[in-house]
Each structure stands twice: as C-alpha cells, then as structure tokens.
Protein chains: 2
Amino acid sequence: MSELPPLRDLQLFASVDAQTLQRLARDAKVETFADGEVVFRQGDKAVFFVVVLHGYVKLSRTASCGDEALVNICTAGESLYEALTPDGAIYRVGAEAIGEASVLKLSAARFGGLLRDSSSLARAVIDEAARKISALISEVESLKGQNADQRLAQFILSLCPGGEDSCCFRLPYDKRLIAARLGVKQETLSRAFAKLRDIGVRTETRDIFVESVSRLAAECRGGDRHAHLPSERGDFLESRNVVA
Amino acid sequence: MSELPPLRDLQLFASVDAQTLQRLARDAKVETFADGEVVFRQGDKAVFFVVVLHGYVKLSRTASCGDEALVNICTAGESLYEALTPDGAIYRVGAEAIGEASVLKLSAARFGGLLRDSSSLARAVIDEAARKISALISEVESLKGQNADQRLAQFILSLCPGGEDSCCFRLPYDKRLIAARLGVKQETLSRAFAKLRDIGVRTETRDIFVESVSRLAAECRGGDRHAHLPSERGDFLESRNVVA
DNA sequence: CGCCGACTTGAGCAATCTCAATCATGGTGG
DNA sequence: CCACCATGATTGAGATTGCTCAAGTCGGCG
C-alpha cells in the first residue's frame, strides 16, 4: 500500500476533468506486487478497474485444455481494460506481475457511475479501448502474416528509441516472456535471435545492440524478397486518442 | 441509397437515448454495395463512422509487403469501429462488401460531438469496443494456441444454433474467406474439413451438417488428449454490454 | 564447488505452405 | 441440349517452418 500518485500523470487520465479525477482518487487503492504475484485470476468477479502504475503486468488466458496464451503485457499508464468481459462481470484473462509492479484499483461499480457522469472520462476510456484494439489488430496481423523471425524483428524495432540508426537498449523482460508474446517457443525465439545476428542485431543476455534500425525494418517486410512502399513502424506500444 | 432503418433496432444503438438517436438519424446516410465493392480504403481519411445494416463487410489490413490479413468480418448491427486508428484520423484497415451489403455512414465529426453530449451513446460505444476487444482476444488466443483443425472446429461451433446436439446450417461466406479468417491457406482449410468429416461434420458445398455439437466442442479442446474443465463456447460472434 | 535457472543448440518430427493437377459446378453461347 | 469455360474446392507431393525432446552452456549464488 504505497502513496496515491497524481492520476493526472497517467496517460489514461490525462484529459479527464478535475472533479472526476478527484472522485476517482477518493476510493482508489494502490497495491504492489512482487514478481509472479497474481493481481487477479481469470474468472474472478471483476470488482476492480485496474490501472498499472509501474512495472509490467502480464495478461494471459488459459484455455480449458490448460495451455496459456499471453494476451498483453501492460505497463505504466495502461489499464487492464481488455481483461474485462463485454458485460464487465468477470475477468476473461488472468493478470500477474512481472518483476515488481504496482497498480491502482478502482471500484468497478463506482467507475461505471463516473463514466455516466463525466464525458471526459468516457472519452478517455474510449480512447484507451481504441489503443487496445489497435494493438490487438497489429498482433493478429503479425500472427497471420509474418513468420517468427519477422515478428521478432518487428518487436525489437518497436523497442528501438527513435533518432539514431544504430542503438542499444535492454530488453524489458526475459526471453521466456518475449517468446510467449510473439507466440513461439523459447527455442524458436533463440534461433530467431541467431538469424538476426546476421543482419546486425547483437544480443548479450538482456542487452540488445542494433547496428542499423533501417536494415531491421526491412527485415520485417520480408527479409529481402520484396521492398517497396513506405516503412511503417509496428505498434507493440501505442499512444494517442480516438474517434472523430 | 435506400431508406433509413430505425437506429434503435441496431444492437449498437439499442440503449441510446431517443434524442441522440434522432440527431444521429439526421445526418445518417445509407449506402449499398455490391459484392467486392470498397466501402473505404486503408489509409483513407476517416470522415465516417460506419455501421453495417445488412450483409457482411470484410475488414482487412494489407502490410507494406503486400500481403493482406483479414481482421474481421462484420455483420448487421456491428460498427466498423476497429477500422479507426487510435487518433481517429484515418482508417487503419480497408473495408469491402462481401455479397450485397448496406451500411450506415455517420459523420465522424458530428459523431464525436454527440459522444460528448450523450452518456448513453458513449456507453454504447464503450460496450461496442469491449465486444471488439473480446473477439480479438479470442482470435489471438486461438491463433497462438490452436492448430488449424481446432480453429475450424471452433469456428463451426460458433455457427451452430443452440439447442439440439445435431444441427445443420449454411456457411455465411465462401471457404476462401473462412480460410483467411482462420489464418490458413485454402488447401489447409480443405484438409481440415476432411478431418472433421471423421468426427461427424459433413459438408456439402456451403451446407454443414453437424452430427454432435458436443463431440465437436471436445475437438476444440484438443482432439482426445485432454478433457477437463467446463466447456466454454468460443466467441467468434459476441454480444452483451460492459464495465460494471 | 555444485546446483539452478535461463538460455542455446542439435536432431527428428509434425503442421502448414507451395505448387500443381484434378474435379465439380454453374453459367453461357451455340 | 451440350460443349466449353471460369471459379471454387479438393487432393497430392515436396519444401519449410516451427515444435518436441534432449543435451549442453553459461552465469549467479548458496
């Protein structure tokens, strides 16, 4: 139970009116989780609307046959909106902290009420949903149309800070999770990393060094086979606001 | 340009207040399309919020390398919400009629304004977004965790009318599209249909006869390997409303 | 030192794709 | 009525991709 941070700083609430923000703050609870701790389970009654404050929270859905599909990895400022069923009654996916993480919990019932009263809050939620949809469409697109190597290339690309054509940075979480996120087995991911080595992507445990971001971007579009149309950076991370 | 149908009858607008509905109707345009006609193109400026009135509209996204991933097939009462980018400026996917179809076009600018003024409309959009998210999560889940046979089984299952354990019905669109929807090639789909024949799913061109729906449901959970946890009907089609 | 977890690598296998041939089926024009 | 074609669907054979299982490496850390 740590201090309540200013809600205004969260992307989700950036343009919500002050009064609503104040009301939200009134019953907001902050909770911290250690690595691997469960935020909520798939099937639980959805009593809270949850927003990530810091760290990463993994959303995954386990099918009746037992295998688990990673749905998203949410980070600071994102809600766990996609965890809710369309009727908002239960969580359709489970949520678990990756590394230490803290979240904001808002009473779902009260949140629903504020949604009715505040158009800026409603708008914020609509924008948030649009971002989630956008990210999911990107995921479906890459699952259907790209092989493991290309998906990894795109993922790394999405992590590259803009600006320089060569860059280095650290992977946000371990390779087991990256594999799950890309929808492949760890062994396959490992081999994909090996292939990227040939086009100037060096990896050292968790550190990545990209020789040429543009070279990498070309890889996403299919190695060397085709090569036209302007590049378009994939959005494993997203931003902005929606509808009209 | 046909008659404007009562907006109230569309699932999307079912619980929107009368005044807003009236305002929506004021500038709503109905447009009809023949099979294969383009409703809008990927990258177009998003000047309309579009809702399907009847028939099917295919949403697909073509990557820079040219191959096209089917994102969704929308039917009566559904909006083409997921076509919008998070900032609502352009369409991130293209829309095309499958067979004859008609849609409602609402000025995006005006729609945005009404969204601010009417909490019931905002709520309707939030619910719609939640349904889209739910469907997309199901799709990601099945792409990551199931093979082609299981995906087809689940798809057919989602088309079975409830009630009887055996049933027959007609496929809503041709196998080319079903293949795209499931993310496999037509040949693979054809072989998957052949396998389902062994477990009592007979196909005659476009007509399907399912001997035992429960037998089919078992197939989705992994053929015969595992068999616990209560069944849960996949949602290629969805319904209901959201967020506490 | 020795174990453990995370990662890598190898070899064989299964699922899916690709390319190509074949088979309805429905419509068209003679 | 029939020959002919176009389209969608099926089937086969071989190439690819990714998976499984198993072994091996590497870096902490007790």
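Letters A, B, ... are given to chains in the order of the sequence lines, protein chains preceding strands, and every chain is numbered from 1.
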- Message: At under 4.0 Å between heavy atoms, how does the protein contact nucleotides 24-30 of chain D? Give one character per nucleotide, 5' to 3', with B, S or -.
- Response: -------

- Message: What does the B/S/- profile of nucleotides 9-15 of chain D look like, 5' to 3', with a 4.0 Å heavy-atom cutoff to protein?
- Response: SBBBB--

- ring-ring contact (aromatic ring centres under 6.0 Å, His included) against B:Phe48, all qualifying residues, sequence neighbours excluded: none

Identify, with sequence neighbours excluded, every residue that meets side chain to side chain contact (heavy atoms under 4.5 Å, CB included) alongside [X].
{"X": "A:Asp35", "answer": "none"}
{"X": "B:Thr203", "answer": "B:Lys175, B:Phe193, B:Arg197, B:Ile208"}
{"X": "B:Ala153", "answer": "B:Leu196, B:Leu216, B:Glu219, B:Cys220"}
{"X": "B:Ala180", "answer": "B:Leu70"}

- Query: So which pairs with a foot in residues 182-193 of chain A pass salt bridge (charged side-chain N to carboxylate O under 4.0 Å, His left out), sequence neighbours left out?
  - Reply: none

- Only counting residues at least two apart or in another chain, list the ones meeting side-chain hydrogen bond (donor to acceptor under 3.5 Å, both in side chains) with B:Arg206. none

- Taking only residues two or more places apart in sequence or in another chain, which ones pass side-chain hydrogen bond (donor to acceptor under 3.5 Å, both in side chains) with B:Glu141? A:Arg61

- Task: For DNA chain C, note the earliest and the latest nucleotide, 5' to 3', having some atom under 4.0 Å of a heavy atom belonging to chain A.
- Result: C:dA6 to C:dA11

- Qualifying ring-ring contact (aromatic ring centres under 6.0 Å, His included) pairs with a residue from residues 167-191 of chain B, counting only residues at least two apart or across chains: B:Tyr56-B:Tyr173

- When the distance from NZ of B:Lys185 to P of D:dT17 is rounded to whole Å, what number comes out? 14 Å

- Could you check if a side-chain atom of A:Ile90 sits within less than 4.5 angstrom of a side-chain atom of A:Asp44, using non-hydrogen atoms only? no

